[in-house]
*Asks:* 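Got a structure here, written out as structure tokens. Questions coming.
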Amino acid sequence: MDANPVKGTRDMYPEDMRLRTWLFGHWRKVAEQYGFEEYDAPVLESEALYVRKSGEEVTQQLYNFEDKGERRVALRPEMTPSLARMIMARRNGVTLPVKWFSLPQCWRYERMTRGRRREHYQWNMDIWGVQGVEAEAELLAAVVSFFTNIGITSADVGMKVNSRAALGEIMTSLGVPEAKHAATCVLVDKLEKVPLDALRSDMAALGLTDETVTKLLAVMESKSIDALEAAVGADSAAVRELRRLFELAEAYGYADWLVFDASVVRGLAYYTGIVFEGFDRSGALRAICGGGRYDKLLESFGGEALPACGFGFGDAVIVELLKDRNLLPDTTRGTVEALVSAFSPELQGAATSIAAALRQQGRSVDLVIESRKPKWVFKHADRRGARFVCLVAPQEWAERKVNVKDMVTGDQLAVQRDDLATYIAERI
Ligand SMILES: Nc1ccc(Br)nc1
């Protein structure tokens with residue numbers, strides 16, 4: 001039997017789970033601070049949710065198969081389509097605006113050429129039913145709050161912001177039909193990563209001439225919103241939205257985190273407006289998080305139009321960033337509060353009653369189940385990070401006392417059994 005997990009997947013041992021619980025805890029804390037409600041959906045979805053034919057990596061790397069009922073299904077590569085499906089399913093039953101969050105595990109079947117993972121956890125925050133960029137401003141505020149809470153500053157990380165709507169205005173002026181705008185953005189996003197000639201067939205399929213692509217790329221080099229406005233024209237709705245977003249950022253107090261970057265398009269076909277991504281200013285890492293507006297996704301599922309925007313925040317790059325900044329929490333030990341052990345087998349019952357009493361008072365207790373010598377017990381307390389070691393020994397137990405050692409202060413004394421819970425509660 002191969003003891004390793006399936007290729008591209010990870011086992012989470014206790015020390016790994018402590019880091020994941022820490023990260024999820026910060027994500028949840030911000031989501032709740034911003035009044036978002038948690039939702040979830042099955043990891044297994046109909047493959048049809050992801051068939052978008054826009055050349056996106058996420059749809060070309062589906063972890064898909066046919067189940068025993070001959071259904072075409074897939075492990076979700078992202079959460080947004082599941083959310084859209086849930087909104088559509090309850091269309092008139094949800095109160096707008098919807099502000100929901102989730103911490104799903106998402107999957108891709110990437111050829112292991114680059115030894116990359118095939119699953120990750122991705123914090124999702126979405127707002128449905130708000131047309132204005134106030135929604136994007138609130139989402140960006142949540143991302144900044146998260147970074148700030150874990151010790152990351154705007155000197156470490158920025159949020160690149162752009163508008164696909166501006167690109168759309170330019171594509172229209174260049175004669176690119178609207179039906180091809182999404183796929184063109186996906187292609188342009190790939191241009192950042194692969195050489196132009198590798199995408200020529202995609203460009204030809206979209207009817208994009210070299211000249212069109214060259215013009216698009218030139219506009220994407222605009223160094224300011226004013227420069228973008230010069231390219232798209234003074235009455236651009238997209239430019240107005242960008243300016244409004246930066247005004248709101250000033251009001252929130254996180255404008256120093258934002259960087260206008262006309263080259264950001266993101267790789268998902270369904271974005272229609274503002275797009276953004278978190279980046280590390282040292283340039284060492286891939287995008288930390290990303291998101292944007294996707295007003296047409298519900299229509300693409302056959303539902304009525306409903307404005308929406310959101311972001312995804314994966315669990316991989318952020319850990320690399322925290323490592324680089326020496327901001328990872330110490331997760332070598334857990335947080336068990338007390339270790340209880342019997343000095344000899346005949347005192348095991350007494351030790352069990354001590355552990356039960358402490359647990360009833362809400363304490364976390366690791367009860368040493370087989371009788372162990374004190375040397376092992378104290379070493380184990382150190383391994384577990386236990387604050388108090390409670391040893392039930394014959395002499396003291398004869399007076400209904402328990403030997404307690406505080407592993408932080410070093411205090412060691414015999415405490416009446418009935419006072420033990422209070423003794424610990426006063427010091428924990
Ligand atoms: N979409 C997606 C899924 C899984 C991983 Br790992 N990365 C991206």
Side-chain angles (χ1 to χ4, degrees), residues 4-13 16-17 19-20 23-24 27 39-65 72-86 101-126 139 143 182-183 185-187 189-190 192-194 264-271 275-280 284-292 294 297 300-301 308-323:
N4 294 308
V6 171
K7 216 185 226 323
T9 68
R10 298 166 292 174
D11 292 326
M12 290 269 173
Y13 288 90
D16 308 312
M17 278 308 293
L19 177 57
R20 183 172 120 190
L23 181 62
F24 282 26
W27 280 344
Y39 71 99
D40 197 4
V43 67
L44 187 70
E45 285 277 11
S46 164
E47 187 185 53
L49 253 62
Y50 314 108
V51 178
R52 296 197 286 257
K53 296 188 177 52
S54 295
E56 298 149 281
E57 215 174 62
V58 77
T59 58
Q60 292 174 325
Q61 296 174 341
L62 272 187
Y63 217 124
N64 54 346
F65 56 97
R72 293 297 308 166
V73 291
L75 297 182
R76 65 186 167 210
E78 52 169 338
M79 197 58 164
T80 307
S82 298
L83 174 56
R85 178 181 59 70
M86 288 172 68
F101 83 96
S102 193
L103 306 175
Q105 186 178 33
C106 297
W107 295 79
R108 68 181 171 193
Y109 192 90
E110 184 181 60
R111 301 278 162 227
M112 291 307 272
T113 42
R114 294 183 278 182
R116 292 207 299 177
R117 290 183 354 214
R118 288 181 171 157
E119 51 78 23
H120 73 168
Y121 287 87
Q122 188 193 58
W123 178 33
N124 276 250
M125 293 266 280
D126 291 85
L139 291 170
V143 173
C185 284
V186 172
L187 183 132
D189 182 59
K190 283 179 185 169
E192 296 258 297
K193 296 145 191 157
V194 299
V264 172
V265 282
R266 300 296 297 164
L268 291 170
Y270 50 66
Y271 287 134
V275 286
F276 52 86
E277 70 185 27
F279 70 102
D280 88 283
L285 303 172
R286 307 187 305 283
I288 304 164
C289 57
Y294 52 96
L297 186 58
S300 73
F301 283 7
C309 58
F311 67 78
F313 198 131
D315 67 352
V317 179
I318 183 63
V319 170
E320 289 172 57
L321 177 71
L322 290 169
K323 248 179 226 159

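Counting starts at 1 for both ligands and their atoms, following the listed order.
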*Asks:* Please work out whether any backbone atom (N, CA, C, O) or any side-chain heavy atom from C-beta onward of Gln61 is under 4.0 Å from ligand 1, and answer side chain, backbone, both or neither.
*Replies:* neither
*Asks:* For ligand 1, which atoms sit closer than 4.0 Å to a heavy atom of Arg117?
*Replies:* 6 (Br)
*Asks:* Could you tell me, atom by atom, which parts of ligand 1 come under 4.0 Å of a heavy atom of Val58?
*Replies:* 1 (N)
*Asks:* Would you call the rings of Phe24 and Trp27 parallel, tilted or perpendicular, where under 30° means parallel and over 60° means perpendicular?
*Replies:* parallel
*Asks:* Please could you name the atoms of ligand 1 that Glu119 approaches to less than 4.0 Å, counting only its heavy atoms?
*Replies:*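 So the atoms of ligand 1 that pass are 6 (Br).
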*Asks:* State whether a side-chain donor-acceptor pair under 3.5 Å links Tyr270 with Arg52.
*Replies:* no
*Asks:* What protein heavy atom lies closest to atom 2 (C) of ligand 1? Include the residue and the distance to one decimal.
*Replies:*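 The closest heavy atom on the protein side is Pro77 O, 3.6 Å.
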*Asks:* For the side chain of Arg10 and the backbone of Met12, is there at least one donor-acceptor N/O pair under 3.5 Å apart?
*Replies:*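 Judged by distance alone, no pair lies under 3.5 Å.
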*Asks:* Report yes if the side chains of Asp126 and Tyr39 come closer than 4.5 Å at any heavy-atom pair, otherwise no.
*Replies:*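 Heavy-atom side-chain distance check passes, below 4.5 Å.
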*Asks:* Identify, for atom 4 (C) of ligand 1, the protein heavy atom at the shortest distance, and state residue, atom and that distance.
*Replies:*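 I find the closest protein heavy atom is Cys106 O, 3.4 Å.
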*Asks:* Under the criterion side-chain contact (heavy atoms from CB on, under 4.5 Å), which of Leu83, Thr80, Leu268 is the partner of Leu297?
*Replies:*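 Looking at Leu83, Thr80, Leu268, the match for Leu297 under the side-chain contact (heavy atoms from CB on, under 4.5 Å) is Thr80.
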